[in-house]
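As a basis for the values below, the full set of heavy atoms in this structure was taken, side chains included, without hydrogen atoms, waters or symmetry mates. Just so it is clear: chains get the letters A, B, ... in the order the sequence lines come, proteins before strands, and each one is counted from 1.
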2 protein chains.
Amino acid sequence: MSPIICTVDVVLLTLHDASLHLALLKREHAPFAGVLALPGGYIHAEEDSDTRDAALRTLREKTGIGSAYLEQLETFSGPGRDPRGWSLSVAYYALVPSRLIDHESRPEVVLRPVDQLQGLPFDHPRIVEAALQRVRNKSSYSSLPVHLCGETFTLPRLQGVYEAILGEPINKVSFRRKIEELDILEAIEGQLETGKAHRPAQLYRLKKQYRQHLALTDRGLNSAG
Amino acid sequence: MSPIICTVDVVLLTLHDASLHLALLKREHAPFAGVLALPGGYIHAEEDSDTRDAALRTLREKTGIGSAYLEQLETFSGPGRDPRGWSLSVAYYALVPSRLIDHESRPEVVLRPVDQLQGLPFDHPRIVEAALQRVRNKSSYSSLPVHLCGETFTLPRLQGVYEAILGEPINKVSFRRKIEELDILEAIEGQLETGKAHRPAQLYRLKKQYRQHLALTDRGLNSAG
DNA sequence: GTCACTTAGTTGCATTATTAAACTAAGTGA
DNA sequence: TCACTTAGTTTAATAATGCAACTAAGTGAC
C-alpha cells in the first residue's frame with residue numbers, strides 16, 4: 001500500500017485596514033507551482049514532536065513568525081485533494097497582530113482580505129472557510145480576538161476588532177460588561193492613548209495567564225446594537 | 001524517512017443506566033494485545049474516501065454499528081504515543097442510542113461508565129477526555145444529546161439525557177422553551193408514553209432535516225435550576 | 001483662552017430572558 | 001374514590017441586555 005502524504009496547513013489571520021486578512025505564499029514546487037496558497041508542508045517525523053510543532057515550524061520557516069495564537073482546526077483528507085495521492089492535512093489556524101508580519105524581511109508573504117479570495121489550490125478554500133467559521137463562532141463567546149491586537153490596546157480598539165470579525169456592530173455597554181466579566185485584561189496604570197482629538201482612552205493588556213489560553217463567556221457577546 | 005503511522009480512533013458514547021458509557025474492545029494484536037482500548041485502526045488509502053469514511057468503516061467492522069452521529073474530534077500525534085513509531089490518529093466521536101449496540105452478535109463490545117475508566121492504552125485517556133469535554137460543551141448549546149435517544153422519546157426523557165451529560169439539573173421550563181426554540185422536534189400525533197403510574201407524556205421525534213445536522217442555540221441551555 | 005467637535009466612559013431605565021414556585025392534567029394502583 | 005406520581009402550564013420575581021442620554025477629556029479653529 002502506498003504511504004499516506006501527511007502535511008500541515010496554517011490559516012494565518014491578521015487584521016489589516018480594519019478587516020480580516022489571510023496570509024498566502026506563492027508555491028515554489030509542483031503541484032500548483034507559482035500559485036498563492038496556504039503556508040504548509042510535510043510533517044517531519046524526525047524533528048516535529050507532534051503536528052502542532054510541525055505547524056509552528058511551518059509558520060516560522062515560511063512566514064518568519066515565531067509567536068502566534070495557534071489552534072488545531074480540523075484534519076482534511078482523501079484521495080482527490082492532492083494530485084500526488086491520498087493525502088491528509090492537519091489544518092491549524094493562527095492569529096497574529098499585523099505588526100508581527102515583517103514585510104521587509106518577508107516580502108513573499110502576501111495578505112488578502114478573507115472575503116476576496118479566489119484561485120486557491122487544493123482544498124484550501126474549504127480549509128479557509130472552516131477557519132473563518134471557527135474564528136467567528138468562537139469570537140462570539142470568547143476572548144479569541146485579543147490575539148489580533150498587539151501587546152496593548154484600548155477597549156474601543158478591541159471592540160472594533162470584534163466587530164470586524166463578527167461583521168456587525170456590538171453594543172458598547174454590553175461589550176464592556178462582557179470583557180469586564182471575562183476578567184482577562186488589566187488596565188495599564190496611567191497609560192492612555194493620546195494624540196487623538198478627543199478624550200484619550202485607557203490602555204489595557206492581557207493578564208499573563210491568558211497569553212495562550214482563552215476565556216469563555218457563559219452566554220456569548222450578543223452582537224447588534 | 002520512515003512513514004507516519006496513520007490511524008483513526010472512535011470514542012463511541014452511549015447512555016446506559018442513565019449515565020454516559022464508552023464502548024471499548026480488547027485489542028487483538030500487539031502492542032497492548034488483550035487490553036481494552038478505543039475501537040480504531042489503520043486508514044486504508046485504497047478503500048477509504050477520507051478519514052470520516054475510515055472512522056465509519058472502523059465503527060462498522062469493530063462494533064457492527066452502521067449508523068451513528070459521527071463528528072471529527074481532533075488529531076493526536078507524536079513519536080511517543082504508539083511504540084511502533086511516529087504516529088498520527090484522527091479521532092472521531094460517535095453518539096448512539098444504546099439499543100443499537102447489539103450485545104448478542106457483538107459480545108466483545110464492552111461498555112464502561114466514562115467516570116470509571118482506567119488502564120486505557122496509548123494516549124486514549126487524553127482522547128476520551130477531549131471527547132467528553134467536547135460533548136459536554138456542545139450539549140450545553142445544541143441538540144447534540146438527541147442522538148443518544150432512540151427514534152422516539154418524551155421531553156422528560158430528553159431532559160434526563162441532557163442532565164446525565166451535563167451532570168447537573170436543568171430547569172424544566174427553560175429546557176422546554178429552548179427545545180421549542182430550536183424547532184427540531186415534532187410531536188407524534190396522538191402518541192403518548194403510557195403504562196406509567198402517572199400522566200402520560202407526549203412522544204416526539206427529530207424532524208427529518210436534523211437527522212445528521214445539529215441545531216445550535218444562541219445562548220446555551222443554562223443548566224442548574 | 002474659549003468654543004465647537006469628537007470620542008471615552010458611565011448612568012439610569014425600558015425591555016427581554018431566565019428561574020422558581022405553584023398550579024392543573026391525567027394516568028396507576030390500593 | 002382517593003392518594004400518589006409525573007406531565008405540562010401559568011404566574012410572578014429576578015437577572016441580563018440594550019438604548020439613550022449623560023459626563024469626561026482631549027484637539028484644533030479662531
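Atom NZ in A:K178 sits about 8 Å away from atom C1' in D:dA16, given to the nearest Å. The distance between atom CG of B:L155 and atom P of C:dA25, rounded to the nearest whole Å, is 19 Å. The CG-C1' distance, from A:L192 to C:dG9, rounds to 12 Å in whole Å. One interatomic measurement links the two molecules: CD of B:E181 to C1' of C:dT18, which rounds to 11 Å at whole-angstrom precision. Spacing between atom CD of B:Q191 and atom P of C:dA26 amounts to 18 Å, rounded to whole angstrom units. To the nearest angstrom, P of D:dT17 lies 13 Å from CD1 of A:I170. What separates CD of A:E180 from C1' of C:dG9 is a distance of 12 Å, to the nearest Å.
Between A:H21 and A:H16, the ring planes lie perpendicular to each other; the angle is over 60°, past the 30° to 60° tilted range.
Within the structure, a side-chain polar atom (N or O) of A:S174 is placed less than 4.0 Å from OP1 or OP2 of D:dG18. A sub-4.0 Å separation between OP1 or OP2 of C:dA20 and a side-chain N or O of B:N171 is present.
Side chain of A:H124 to backbone of A:A37: no donor-acceptor contact under 3.5 angstrom is found.
For the pair A:D183 and A:K207, the salt-bridge criterion is met [side-chain N within less than 4.0 Å of a carboxylate O].
Summarising the geometry, atom CG belonging to A:L206 is positioned 11.0 Å from atom NZ belonging to A:K208; distances are rounded to the nearest 0.5 Å. Taken from CG in B:L203 to CD in B:E186, the straight-line distance is 12.5 Å, to the nearest 0.5 Å. Atom OH of residue A:Y204 and atom OG1 of residue A:T152 lie 12.5 Å apart, to the nearest 0.5 angstrom.
Consecutive Watson-Crick or G-U pairing (both distances under 3.5 Å) extending over three or more pairs maps onto DNA chain C as C:1-30 with D:1-30.
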Base-contact (B) and sugar-phosphate-only (S) positions in nucleotides 2-7 of chain D, heavy-atom cut-off under 4.0 Å, - elsewhere | ---BBB
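In terms of heavy-atom proximity, A:A68 sits nearest to A:V96 at CB-CG1, 3.1 Å.
Residue B:E71 is tested with B:K138, B:H147, B:R52 for a side-chain hydrogen bond (donor to acceptor under 3.5 Å, both in side chains); the sole match is B:K138.
Screening residues 105-119 of chain B for salt bridge (Lys or Arg N to Asp or Glu O under 4.0 Å) gives B:R106-B:E108 as the qualifying pairs, with residues at least two apart or on separate chains.
Nearest-nucleotide assignment on DNA chain D puts the 5′-proximal partner with B:Y204, out of A:G195 and B:Y204. Of the residues near DNA chain C, A:R177 and A:L203, the one whose nearest nucleotide (by heavy atom distance) lies more toward the 5' end is A:L203.
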